[in-house]
Chemist: 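Shown below is the structure under consideration.
So that the names make sense, note that chain A is the first sequence line, chain B the second, and so on, each numbered from 1. Values in this document were obtained by computation on a predicted structure and should not be read as measured data.
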There are 2 protein chains.
Amino acid sequence: MKLGILGYGNLGRGVEAAVNQNPDMELCAVFTRRNPESLKINSKTAKVLSVNEIENWKDKIDVLILCGGSATDLPEQTPKYAKIFNVVDSFDTHARIPEHFNNVDKAAKEGGKVGIISVGWDPGLFSLNRMYANAILPEGNDYTFWGRGVSQGHSDAIRRIEGVKDAKQYTIPVDKALNAVKNCENPILSTREKHTRECFVVLEDGADAKKVEAEIVNMPNYFADYDTTVHFISEDELKKNHSGIPHGGFVFRCGKTGLNKENNHIIEYNLKLDSNPEFTSSVLIAYARAAYKMAKEGQTGCKTVFDVAPAYLSPKSGEELRKTML
Amino acid sequence: MKLGILGYGNLGRGVEAAVNQNPDMELCAVFTRRNPESLKINSKTAKVLSVNEIENWKDKIDVLILCGGSATDLPEQTPKYAKIFNVVDSFDTHARIPEHFNNVDKAAKEGGKVGIISVGWDPGLFSLNRMYANAILPEGNDYTFWGRGVSQGHSDAIRRIEGVKDAKQYTIPVDKALNAVKNCENPILSTREKHTRECFVVLEDGADAKKVEAEIVNMPNYFADYDTTVHFISEDELKKNHSGIPHGGFVFRCGKTGLNKENNHIIEYNLKLDSNPEFTSSVLIAYARAAYKMAKEGQTGCKTVFDVAPAYLSPKSGEELRKTML
């Protein structure tokens, strides 16, 4: 299976590393919008090429993994390249998924290709678990918690404040809420009751800490609805203790069964990830394998994790899977 | 969707109750090897019929749910009925799954039907989670823990001992082992280190408690490899405190990613079930829906949970799923 990557940020580097763990895969090319000469990659065999050359590779790559951002890159790139490649992306703007699906579906059908969108852990594995659990326990409540982990969007929002040199923001599930769910109490939880936010901020010289703190905790949408703690630390400390990109979270379904709904069941799925982008990349390439297999069978069009039979993700045959994993 | 049930034990009754929670389903018939007159079911609309009449229903039922046991019923029934019905079973003898698969596959292809086997939580949802997690994190360790829950097989083994009137056995994961896994220690665990066994036993009048206890804790395969606790209690107490059939368990995958395998990730799936058979039944009927949809598309042959795209389990359309669950 020959793979290409478009975009060499955290996600692209994660895909590059993950390919090494999958002997049935080979990374052939990394496409970039930057000057290819300026890009140093880890792989010794893959080529670094300008995105302008990508069309020349349409018969040399089985699946192209799109590692751009959801805001502006993927809405344009995924439909564009689904016409000539089997593609996988991690489009994660939940509200715009139906529109993105339709665009990719049209393009992929036109090109006779498979495009799998919104792959990762949320959307992705968390979505799968919500869906399976809802199909099994039709009467019940869903709960999703995120963290403890770094939210890139919230960290960026803090960095835009005047007087802030750098910042990291952690989203943290509230133990009391988590425990109420685990105890089958089916709580009704406000935004504030579910998560807290913890910020580590490096100030510019002479910045007013009180003012920055007030700006953070009162920021609408991002922080105002949460209990937010702000710690001012040195640049060295930020680098030493907060340079990782961990994340994770929990998906619960609490449901009832029985003639009188007398029995409670809890399905819990949770992730603890040292590196959010590396884990997302690992999910992406498992679905790249699926795209490859589905395309080989003659399937075309846009798919999500809901449409992909689990066995497609594995390098093992059906027989091996039944023998070793069922 | 019209459903039939073959076998009206705990599982059959669970299916009957679960159908009420799924408005797209209707229970039409319960087939039994007993005298149908002797069988009292909860449903007011379903018919109770002798299994001898089952062939007359081949055009009136969309999916037949086989609720017999794995030891002798299903190896015979599933291939037999897969010739004339779409079927779903909960065959759980792991070692014999490949053989069962082949038998059902042949029969279902002959009849142009779909047969989904080994559906439930283990095999079933636990298998799915092992498989997804292995495809995503190819380098790592798997851990499965069962319980706290009632093991029917172990309870039966105790009941066969002379002097025992009744008994319930609980399988319990060891906290120390669970925590070592959750802490990413990748422990190597012996059978004894993973689970303990707790037995609640009602003695016959005049039975020798010491002798019964020794027979239990030294029983090969069942108890000898575990730390086992035996409590002698009254029949009333057993009835009052141990008449439920709870179960559950945990599936973990601890894996590494990164160029130098420097990042750890834990994927955890866990179930806490008040009623093992009712939950298993709920999984069965979600897969009955899948069998129905796949058959309508013209698919045939034997499938396992690995072969069924998640969306088939849900009553929602692809569009609805993408909008609400992705």
Side-chain angles (χ1 to χ4, degrees), chain A residues 14 17-18 20-22 42 94 97-98 101 118 123 125 127-132 134-139 184 255 257-259 262-275 278-279 281-283 286 289 304-311 313-315 318-319 321-323 325-326, chain B residues 14 17-18 20-22 42 94 97-98 101 118 123 125 127-132 134-139 184 255 257-259 262-275 278-279 281-283 286 289 304-311 313-315 318-319 321-323 325-326:
Chain A
N20 287 331
Q21 298 184 293
N22 290 276
N42 292 301
H94 289 260
I97 287 174
F101 180 92
S118 302
L125 302 177
S127 325
L128 271 180
N129 276 281
R130 284 188 283 263
M131 205 233 85
Y132 272 114
N134 272 267
I136 291 159
L137 297 173
E139 294 182 61
C184 248
T257 66
L259 281 178
E262 67 276 29
N263 288 314
N264 289 301
H265 307 281
I266 304 185
I267 302 175
E268 174 182 344
Y269 183 76
N270 79 60
L271 298 172
K272 285 187 204 75
L273 314 174
D274 274 1
S275 164
E278 283 182 10
F279 185 80
S281 301
S282 298
V283 183
R289 183 182 287 118
T304 73
V305 294
F306 299 146
D307 308 308
V308 179
L313 273 66
S314 174
E319 208 178 334
L321 286 177
R322 288 189 291 276
K323 212 169 156 182
M325 298 223 170
L326 199 61
Chain B
N20 286 332
Q21 299 184 292
N22 290 276
N42 292 302
H94 289 260
I97 287 174
F101 181 90
S118 301
L125 302 177
S127 324
L128 271 180
N129 276 280
R130 283 188 282 265
M131 205 232 86
Y132 273 114
N134 272 267
I136 291 160
L137 297 173
E139 293 182 60
C184 248
T257 66
L259 282 177
E262 67 277 28
N263 288 314
N264 289 301
H265 308 281
I266 304 185
I267 302 174
E268 174 182 347
Y269 183 76
N270 79 61
L271 298 173
K272 283 186 206 75
L273 314 174
D274 274 0
S275 164
E278 283 182 9
F279 186 79
S281 302
S282 297
V283 183
R289 183 183 288 119
T304 73
V305 294
F306 300 147
D307 308 308
V308 179
L313 273 67
S314 174
E319 207 178 333
L321 286 176
R322 287 189 291 277
K323 212 169 155 181
M325 299 223 169
L326 200 58

Chemist: Measuring only between side-chain heavy atoms, which start at C-beta, is N134(A) closer than 4.5 Å to L313(B)?
Modeler: no

Chemist: Go through P123(B), S281(B), G318(B), A18(B) and name the one with the most non-hydrogen pairs under 4.5 angstrom from chain A.
Modeler: P123(B)

Chemist: Looking only at heavy atoms and a cut-off of under 4.5 Å, which of R130(A), K323(A), M131(A) has the most pairs with chain B?
Modeler: M131(A)

Chemist: How long is the straight-line distance from SG of C184(A) back to NZ of K272(B), given to the nearest 0.5 Å?
Modeler: 8.5 Å

Chemist: Below 4.5 Å from any heavy atom of chain A, which atoms of D307(B) appear? Answer side chain, backbone, both or neither.
Modeler: both

Chemist: Less than 4.5 Å to any heavy atom of chain A: does that hold for the side chain of V283(B), its backbone, both, or neither?
Modeler: both

Chemist: Let me know if L326(A) has heavy atoms under 4.5 Å from chain B in its side chain, its backbone, both or neither.
Modeler: both

Chemist: Examine whether an atom of F279(B) lies under 4.5 Å from a heavy atom of chain A, and if so say whether it belongs to the side chain, the backbone or both; otherwise answer neither.
Modeler: both

Chemist: Under the rule for side chain to side chain donor-acceptor pair (under 3.5 Å), what residues qualify as partners of N129(A), not counting sequence neighbours?
Modeler: none

Chemist: What part of F101(B) lies closer than 4.5 angstrom to a heavy atom of chain A: side chain, backbone, both or neither?
Modeler: side chain

Chemist: Relative to chain B, which segment of N264(A) carries a heavy atom at a distance below 4.5 Å: side chain, backbone, both, or neither?
Modeler: both

Chemist: Residues two or more places apart in sequence or in another chain: which of them pass side-chain contact (heavy atoms from CB on, under 4.5 Å) with S275(B)?
Modeler: N263(A), H265(A), P277(B), E278(B)

Chemist: Evaluate the side-chain proximity of L321(B) to T304(A): yes if any heavy-atom separation is below 4.5 Å, no if none is.
Modeler: no

Chemist: Top residue by heavy-atom pair count (under 4.5 Å) with chain A, among S314(B), S282(B), A286(B)?
Modeler: S282(B)

Chemist: Decide yes or no for P98(A) and E319(B): does some side-chain heavy atom of the first lie under 4.5 Å from some side-chain heavy atom of the second?
Modeler: no

Chemist: State, yes or no, whether a side-chain contact exists between I266(A) and N270(B) at a heavy-atom distance under 4.5 Å.
Modeler: no

Chemist: Can you tell which part of Y132(A) gets under 4.5 Å to a heavy atom of chain B, answering side chain, backbone, both or neither?
Modeler: side chain

Chemist: Report yes if the side chains of L128(A) and P310(B) come closer than 4.5 Å at any heavy-atom pair, otherwise no.
Modeler: yes

Chemist: For L273(B), is it the side chain, the backbone, both, or neither that has a heavy atom closer than 4.5 Å to a heavy atom of chain A?
Modeler: both

